[in-house]
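Throughout, protein chains are lettered first and strands after them, A, B, ... in sequence-line order, and every chain is numbered starting at 1.
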Protein chains: 2
Amino acid sequence: MGIQERKTRHKEDLRKRILEAAKKLFVTAGYEATSIRKIAQEIEFSPTTIYLYYKDKSDIIYALHQEGFLMLRQDFQPLMQVESPYERLKAIGKCYLRFGMTHPDFYEVMFMMKDPMKYLEIHCVDGEWAEGERVFDLLLQTIRDCQQDGYFKGLDTIEVAVQAWSSVHGLCSLYVSGHLRNMMEVVLDTNEQEAMVEKAFRVFVHYLELTK
Amino acid sequence: MGIQERKTRHKEDLRKRILEAAKKLFVTAGYEATSIRKIAQEIEFSPTTIYLYYKDKSDIIYALHQEGFLMLRQDFQPLMQVESPYERLKAIGKCYLRFGMTHPDFYEVMFMMKDPMKYLEIHCVDGEWAEGERVFDLLLQTIRDCQQDGYFKGLDTIEVAVQAWSSVHGLCSLYVSGHLRNMMEVVLDTNEQEAMVEKAFRVFVHYLELTK
DNA sequence: AAATTTAAAGAACAGTGTTAACCTGTGCAA
DNA sequence: TTGCACAGGTTAACACTGTTCTTTAAATTT
């Protein structure tokens with residue numbers, strides 16, 4: 001049935017077009033400005049049509065959430081080739097920071113907003129955050145490798161991983177939310193927060209080096 | 001003019017009652033559920049009356065933002081008596097974490113939401129985030145004291161402070177947003193994230209100890 | 001050709017922040 | 001005492017939001 005195929009393909013196509021329109025609005029105008037009606041206007045369909053392809057708005061932003069994780073994993077992939085575990089760990093940290101700073105909107109959806117996490121709790125069985133798990137596993141494995149090289153002696157792998165994640169996430173989220181910027185303007189009157197993020201990261205790396 | 005006084009006092013009173021109603025809704029139902037109309041219903045006034053006392057909604061949430069910083073500073077105050085700078089630093093970190101975990105809604109407004117920061121940019125001259133500055137100064141001074149005791153040798157005070165802030169903020173925000181919870185459920189099937197926050201904090205403290 | 005399924009749209013509901021226009025009672029000067 | 005200005009408060013309305021119910025129109029199947 002070639003007709004059936006073409007129809008389902010067309011349907012998948014529209015589903016994709018909705019997501020593309022949502023992403024366009026999302027990255028240009030931010031989450032606040034991304035409404036169902038504006039998405040509909042973008043693809044020249046009725047707002048209600050969107051509900052034939054996505055359950056609700058949180059379903060769409062969850063799709064973006066997943067797309068963000070795909071991007072992040074693709075950024076991470078080449079780093080897995082780095083042989084030295086510790087250098088790999090540093091590279092992961094740097095890469096994570098760069099991702100957050102170059103895609104602040106995606107970072108917000110992926111790691112800061114409550115909505116996508118609530119979506120998981122409601123729609124999935126329980127905590128089926130596969131995308132997050134995959135990325136975290138990369139971190140876990142790298143830290144395990146570091147421990148075999150003598151780093152993080154006597155420390156629990158998971159605890160080290162959560163702490164490391166918190167540190168880089170803390171920098172990213174303070175950057176994305178604008179809190180770092182405001183603090184910088186007050187403490188030292190500069191708005192070169194990018195430089196400060198890098199410097200703070202280096203301080204963290206300095207701490208890690210002491211564990212060997 | 002006793003009458004004039006009573007009137008202005010009554011006006012101040014209503015301004016306070018609006019904020020109290022907003023806070024009540026805020027802590028019981030979260031930010032999302034705190035609407036102008038619901039606040040008005042709570043104080044049994046018309047929604048438009050609120051606009052006679054607050055410029056707009058962001059003005060109200062900024063007031064809550066400030067109130068949160070007042071609470072945090074009050075929590076911090078007794079810690080300033082701790083003589084040992086390093087013990088004081090640890091106490092500040094613990095206190096910050098506890099604040100975020102016991103008042104997640106306030107923490108969100110104070111350190112995670114973009115709105116209050118944007119309010120500052122628009123309404124004030126430029127970066128007049130006095131409340132944040134005060135708290136950060138406490139951290140800065142404590143780290144300076146630590147450095148005199150031999151900690152953080154060869155490191156920049158501000159960079160150390162930003163890094164420390166990022167680390168505890170990272171833990172808090174992952175906790176508040178629910179991301180830590182979801183990750184915990186996947187990696188190790190437990191939802192005792194409070195314990196994990198504490199453990200990750202101890203790992204961080206362990207790092208800091210190595211700088212001496 | 002008739003019946004049925006399907007995609008899309010229209011209208012509407014309940015909610016949001018916010019503004020302009022309109023009362024309505026109080027205080028004061030003529 | 002009358003007229004007036006002004007404060008505090010409300011009503012109605014605008015322009016949005018996400019979402020659902022009902023309806024239309026086209027395509028497919030019988």
Within the 4.0 Å heavy-atom criterion, would you say Tyr53(A) contacts the bases, only the backbone, or no part of the nucleic acid? sugar-phosphate

In short, side chain to side chain donor-acceptor pair (under 3.5 Å) pairs touching residues 97-106 of chain B with sequence neighbours left out are none

Under the side chain to side chain contact (heavy atoms under 4.5 Å, CB included) test, residues paired with Glu159(B) that sit two or more places apart: Met196(A), Lys199(A), Val203(A), Asp156(B)

Please give, in whole Å, the distance from dG9(D) C1' to Ile43(B) CD1? 11 Å

The criterion is salt bridge (charged side-chain N to carboxylate O under 4.0 Å, His left out); which residues satisfy it with Lys16(A), sequence neighbours excluded? none

Rounding to a whole Å, what distance do you find between Ile39(A):CD1 and dC16(D):C1'? 15 Å

Could you work out, with salt bridge (charged side-chain N to carboxylate O under 4.0 Å, His left out) as the rule, every residue matching Lys94(A), not counting sequence neighbours? none

Can you sort out the partners of Arg73(B) under salt bridge (charged side-chain N to carboxylate O under 4.0 Å, His left out), two or more places apart, ordered by chain and number? Glu131(B)

Who are the ring pair (Phe, Tyr, Trp, His ring centres under 6.0 Å) partners of Phe201(B), not counting sequence neighbours? none

If you measure only the distance, is there a donor-acceptor pair under 3.5 Å linking the side chains of Ser167(B) and Ser167(A)? yes

Intermediate values then yes/no, ring pair (Phe, Tyr, Trp, His ring centres under 6.0 Å), Phe99(B) and Phe76(B): CA-CA 10 Å; Phe99(B) 179 87; Phe76(B) 275 174; 8.2 Å; no

Base, backbone or nothing for each nucleotide of nucleotides 14-20 of chain C, written B, S, -, heavy atoms under 4.0 angstrom, 5' to 3'? --BBBBB

Helical bend (five base pairs per end, nearest 10°) for the helix from dA1(C)-dT30(D) to dA30(C)-dT1(D): 40°

Positions of residues 17-24 of chain B (non-hydrogen atom under 4.0 Å from DNA chain C), listed by number: none

Whole-Å distance, Ile60(A) CD1 to dT17(D) P, equals 13 Å

Without decimals, in angstroms, what is the distance between Ile50(A) CD1 and dA8(C) P? 12 Å

The complete set of salt bridge (charged side-chain N to carboxylate O under 4.0 Å, His left out) pairs with one or both residues in residues 26-43 of chain A, sequence neighbours excluded, reads Lys24(A)-Glu42(A)

With sequence neighbours excluded, residues passing side chain to side chain contact (heavy atoms under 4.5 Å, CB included) with Arg17(A): Asp13(A), Leu14(A), Ile43(A), Phe45(A)

Keeping to residues at least two apart or across chains, list the ring pair (Phe, Tyr, Trp, His ring centres under 6.0 Å) pairs with something in residues 166-188 of chain B. Trp129(A)-His179(B), Tyr107(B)-His169(B)

Rounded to whole angstroms, how far apart are CD on Glu32(A) and P on dC16(D)? 16 Å

What integer distance in Å separates Leu52(A):CG from dA9(C):P? 9 Å

Separation of atom CD in Gln41(A) from atom P in dG10(C), rounded to whole Å: 13 Å

